[in-house]
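Heavy-atom basis, side chains included; hydrogens, waters and symmetry copies ignored. All values reported here derive from a predicted model rather than from experimental measurement. Numbers restart at 1 for each chain; the letters A, B, ... are given by sequence-line order, proteins then strands.
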Amino acid sequence: MCSAHRPALESVTVISNQRLAEHVGRVVFEAPRTAAAIRPGQFVHLRIARGAAFILRRPFSVFRAGAGKLEILYQVVGAGTLALAEAKPGDGMDLIGPLGHGWEFPGGMAHALVVAGGLGIGPMGMLVEKLARLGVASTLAQGARSADQLLARDIFEDTCRHVEVATDDGSAGHTGLVTDLMDDLVAADAPDIVYVCGPEPMQRIAATKAAQAGIPCQVSLERLMACGVGVCLSCVVETTSGLQRACVDGPVFDASEVAWAGAGEAAVRR
Amino acid sequence: MCSAHRPALESVTVISNQRLAEHVGRVVFEAPRTAAAIRPGQFVHLRIARGAAFILRRPFSVFRAGAGKLEILYQVVGAGTLALAEAKPGDGMDLIGPLGHGWEFPGGMAHALVVAGGLGIGPMGMLVEKLARLGVASTLAQGARSADQLLARDIFEDTCRHVEVATDDGSAGHTGLVTDLMDDLVAADAPDIVYVCGPEPMQRIAATKAAQAGIPCQVSLERLMACGVGVCLSCVVETTSGLQRACVDGPVFDASEVAWAGAGEAAVRR
Amino acid sequence: MTPRVDMRVRIGALELRNPVMTASGTFGSGAEYADFFELSRLGALVTKGVSFEPWRGNDSPRMAETPSGMLNSIGLQNPGVEAFCAKDLVWLADADVPVIVNVVGHSVDQYVAVAERLDSEPVVSAVEVNISCPNVDAGGIAFGTSCNAAADAVRAVRAVTTKTLIVKLSPNVTNVTEIARAVEAEGADALSLINTLLGMKIDTSSLRPTLARGTGGLSGPAIRPVGVRMVWEVARSVQVPVIGMGGIMVAEDAVEYLAAGATAVAVGTATFVDPMSAVSVIDGLQQFCAVRGIDRVADLTGAAWPERTS
Amino acid sequence: MTPRVDMRVRIGALELRNPVMTASGTFGSGAEYADFFELSRLGALVTKGVSFEPWRGNDSPRMAETPSGMLNSIGLQNPGVEAFCAKDLVWLADADVPVIVNVVGHSVDQYVAVAERLDSEPVVSAVEVNISCPNVDAGGIAFGTSCNAAADAVRAVRAVTTKTLIVKLSPNVTNVTEIARAVEAEGADALSLINTLLGMKIDTSSLRPTLARGTGGLSGPAIRPVGVRMVWEVARSVQVPVIGMGGIMVAEDAVEYLAAGATAVAVGTATFVDPMSAVSVIDGLQQFCAVRGIDRVADLTGAAWPERTS
Ligand SMILES: Cc1cc2nc3c(=O)[nH]c(=O)nc-3n(C[C@H](O)[C@H](O)[C@H](O)COP(=O)(O)OP(=O)(O)OC[C@H]3O[C@@H](n4cnc5c(N)ncnc54)[C@H](O)[C@@H]3O)c2cc1C
Ligand SMILES: Cc1cc2nc3c(=O)[nH]c(=O)nc-3n(C[C@H](O)[C@H](O)[C@H](O)COP(=O)(O)OP(=O)(O)OC[C@H]3O[C@@H](n4cnc5c(N)ncnc54)[C@H](O)[C@@H]3O)c2cc1C
Ligand SMILES: Cc1cc2nc3c(=O)[nH]c(=O)nc-3n(C[C@H](O)[C@H](O)[C@H](O)COP(=O)(O)O)c2cc1C
Ligand SMILES: Cc1cc2nc3c(=O)[nH]c(=O)nc-3n(C[C@H](O)[C@H](O)[C@H](O)COP(=O)(O)O)c2cc1C
Ligand code: FES
Ligand code: FES
């Protein structure tokens, strides 16, 4: 990687911060260095507040980047994201980025299936934009609790060839798990690759389905992260080649290399 | 005391918050219960921020109170007052108040000398207003580092019969300590009482001068306070009748009862 | 409407209406906070430390703030047991709340003298023997950091008190379970922990210790992980109930302690931050149980233990 | 322009250009943070713990945040000393910074084996014997909580190393000065403290310990008062230099440790919060001295001691 792509500390300014749905927001930062350097599937380690009782940074996928700006979709789950939701335009923060190993784009792909559950949509904006630039047709299977939690639908409607949705409560699309959509989509589109992000049990199901269909699958895993840069070993993922660090070796892993049992849900609460 | 004067927890809202000078601000809260109950020289125990790394409340004298509002003058010295300086109109906080034993107003006074050093001006607004209501003529001797730090001069010019100032750098009035002004003022006005607040060494000098002149003197002492309501015993002051709690037995004490040696500056840093 | 949750817990012979107490030294004898809520809301009220003779406490400054915590070196200033009985206990007689008196001494004899004096006071439901105050030169923590000394003090107090006997343990030890078992063996009816962690702050402008005494006791949310760990260790090693404390600010923090094995909890520093803290913890605990369909708060005790996991 | 301040300090045979190190386990072997600043800015770089054989570490989750702190139960995952020498030390050979290797073991023999292996590596300036890790079942803290065990481990390592020998002490003890004197007597050139406080967090939604291992080590600003107190106690009881750590976030925090008696300091958890922390502490310390007319940072050591007060 050339040095412009190496992680660095960048002071950033909130440009806008809107509520998108219950407990969900979209924040846009002025962050020229990171916006120029970041690749799809990478993340930033954000210092949300100084002087707060919580001290660690919070990792967030970058949903979209461009024109010096970074866009992040976030769900309010605790003290950090609550403080993020309260940030106002003009507020300063800082982040470390770009971080991690993002999505891989193997040559020769014609069709990609993108599967996102809940905030697993976080790293998918840059992904589908890149796929579009590569001329790969993408189908998005998006799942959420309810219709209003299907975030950024307009962007995906514009960029993907096809979008299908599933909700837990049936308020939009299929009633049930987003992974329920996979069989039909795999049959219909014969994708060359499956990209997955969401709650870990859902990722595991998606990975299994992809494996059964014989399609390569990449998953973006969440782990608790203290440093975000590879030194603390908080974020390890059990893989076929031993323990790997989600923050530098991931967060995107080849699903076939993840040793799902043992790693698994325990690592994050949700 | 009737129960309206007992301390209570009140949720308050910032109405305005302005910078008055370098590191000094004035905040006004909507705080109807406390504003109605508080007496001159009492204080409030303010919870400035939630979720911050500092957890304790901060004690502040009430400079003026009325029409449901409390006005506080504050100096930025650490994390708490920094957060206070950053508060915006509309922000919510809460306070415990009214707290402490305030200024005493013995009968038969004709003239009072009020001596304030730096932020020792904090409890003097309500004091001179009350003196005026009682028909007691007041003279204010106000000291500060420099002219711009002589806070709220307009208010005192309006309310006091006479104001004299001293600054460390000579940018206004006498060059030197505010207590240097006392001999002349005592000689000129023959006050019946001296009210003092400011850095402890200055209070001690003022108390000594008052004692030498045979004039009763009240001092408002600052102590580190955890609870503010009398249970933790953080804030004790050595007096001729043993240890007293600055938060309930004070902060105003009869200067002749304070055992200055031993208590003294050590208790607060400034 | 939230379903009814049985909030009662038992500590020795005492049945408490709920598991939330005040922590000694952070609530006086209750009069000051009676302005804020009905003391009868509390599971129990634990008084400040009471010695036989009046104690003057330490020099000032006695308090310093630290990240998510505070240091105190009050040094157990109190008017002595006679004045305490004459004033505080008389006042408390009218408060409808179980009273637990925290007992301190510089020697075994002094602990015994206080406990003996209190034994005839009907207002006192239990005594909490504080062998863990880090802020006095003799006694206090000296008893709480050695198994033998702790056992001696508890044996002697046990001999003179018919009250429920709680022993308050120090966290400033290598092995808290050893001390816990030693005092259990001497007849302690319950154990409370943790007292404060010994700490120090230095004022970088004067380059002197901030507290006049130098060291002080660290309390507040900063120490909660240490308290939860020690309650976990102790509760799994003894048969008597454990009262957990250290950094409890909200109900979820109390749940941590109960799940770690505590039967009851105490709220200390949080009361300085918000006088309503103990009441909020009670309400929040009830809510927590109701939402999860837990009928009895006592069922939370030890809920996180491995043997309860499967 | 700020006046020149002599920032050098001496730890055993080592002269450091300034008193600020990285804390073991929070800086890897430096490569990751070389993106952020020149490692030659550091007084010394302390590596993560290295064992003889590769260690797998503990199950996940291994980390939990707490008020003003964090718990970790990494469990000293590392590739073993051979891989460390082949990879990390080779990389470090080009970094112009004194390297201190943190040494771990499940037994005295394992400590010895690692120290012996490192003795021939010119890149290694000193070894730090970690007898205080709370996150492994055998070894680690077991050595650091008993004077005899600590002495045995240090004696054995001393016999096989010609490097400057630092011993890292545990705060989870009743009397840290006893252990300090015991290892000083066995030839430790310096002592570093504190390692993490043993703590625990319970997830109130699952009612299970948050960390897979149950307990973990508490670090960050929450523990600073405990660290400063222990450095004060230890530095006043031994002749060898003390390296102070625990919750140092900014230069003033380092001043607290130096004034308490430390000769050098280490920055740990703060680096996760801000990768530039160690550098900011160095710059801030220099500034602190310059503003106060302190010519040598070494003059801050013990500045708060009573014997220096008058
Ligand atoms: C690579 C990566 C990318 C992510 N991208 C997004 C995103 O685009 N949008 C989004 O809403 N969330 C994302 N997350 C999850 C996000 O980091 C957490 O929701 C957030 O850290 C919670 O912080 P909190 O203070 O609100 O919660 P708290 O529960 O109070 O946090 C306590 C601690 O746990 C950690 N933590 C809690 N939940 C998670 C989690 N799910 N994953 C990792 N750490 C967690 C926090 O970072 C903190 O250290 C991502 C996580 C990772 C690892
Ligand atoms: C009765 C009383 C009335 C006061 N009135 C005023 C006022 O009107 N205006 C004003 O500017 N200041 C006043 N003070 C001082 C004010 O409380 C402190 O400046 C403030 O608490 C500092 O908080 P911080 O977080 O900014 O400082 P930090 O130094 O970060 O605070 C750390 C701790 O020390 C305490 N502390 C620090 N300085 C003082 C001090 N001088 N007195 C008491 N506690 C201190 C804080 O409350 C906190 O617990 C008063 C103090 C008392 C006791
Ligand atoms: C100001 C203060 C005074 C205290 N006094 C006593 C005391 O007299 N007796 C005692 O056993 N514990 C005393 N403690 C310890 C508390 O009861 C409690 O064990 C400790 O503070 C931890 O709980 P917390 O973090 O909720 O405050 C005191 C604590 C504080 C902060
Ligand atoms: C994630 C993590 C890993 C650690 N690993 C080690 C280690 O391998 N060896 C060691 O001696 N100390 C280790 N420590 C302890 C630190 O070196 C340091 O003693 C402690 O964290 C206190 O300093 P701090 O509060 O500045 O982090 C580790 C600490 C953390 C947070
Ligand atoms: S978060 Fe520290 S190694 Fe991954
Ligand atoms: S501040 Fe607690 S007694 Fe005065």
Heavy-atom contact with chain B under 4.5 Å, split by part of C:T26: backbone
Partner chain B: residue of C:M276, C:M249, C:M70, C:M63 with the largest heavy-atom pair count (under 4.5 Å): C:M63
Any donor-acceptor N/O pair, C:T210 side chain to C:D203 backbone, under 3.5 Å: yes
Under 3.5 Å side-chain donor-acceptor pair for B:E257 and B:T239: no
Residues C:D88 and C:S29: side-chain donor-acceptor under 3.5 angstrom: yes
Chain B contact via C:N58 - side chain, backbone, both or neither, heavy atoms under 4.5 Å: neither
Basic-acidic side-chain contact under 4.0 Å: C:E32, B:R6: no
Distance-only donor-acceptor check, side chains C:S219 and C:T269, under 3.5 Å: yes
Contact origin within C:F27 toward chain B - heavy atom pairs under 4.5 Å: backbone
Side chain / backbone / both / neither for B:R58 at chain C, heavy atoms under 4.5 Å: side chain
Residue among C:P67, C:G69, C:G220, C:S206 with most heavy-atom pairs under 4.5 Å to chain B: C:G69
Pair B:F43 + B:F60: ring centers closer than 6.0 Å: no
Residue, of B:V229, B:L56, B:I96, that accumulates the most heavy atom pairs under 4.5 Å with chain C: B:L56
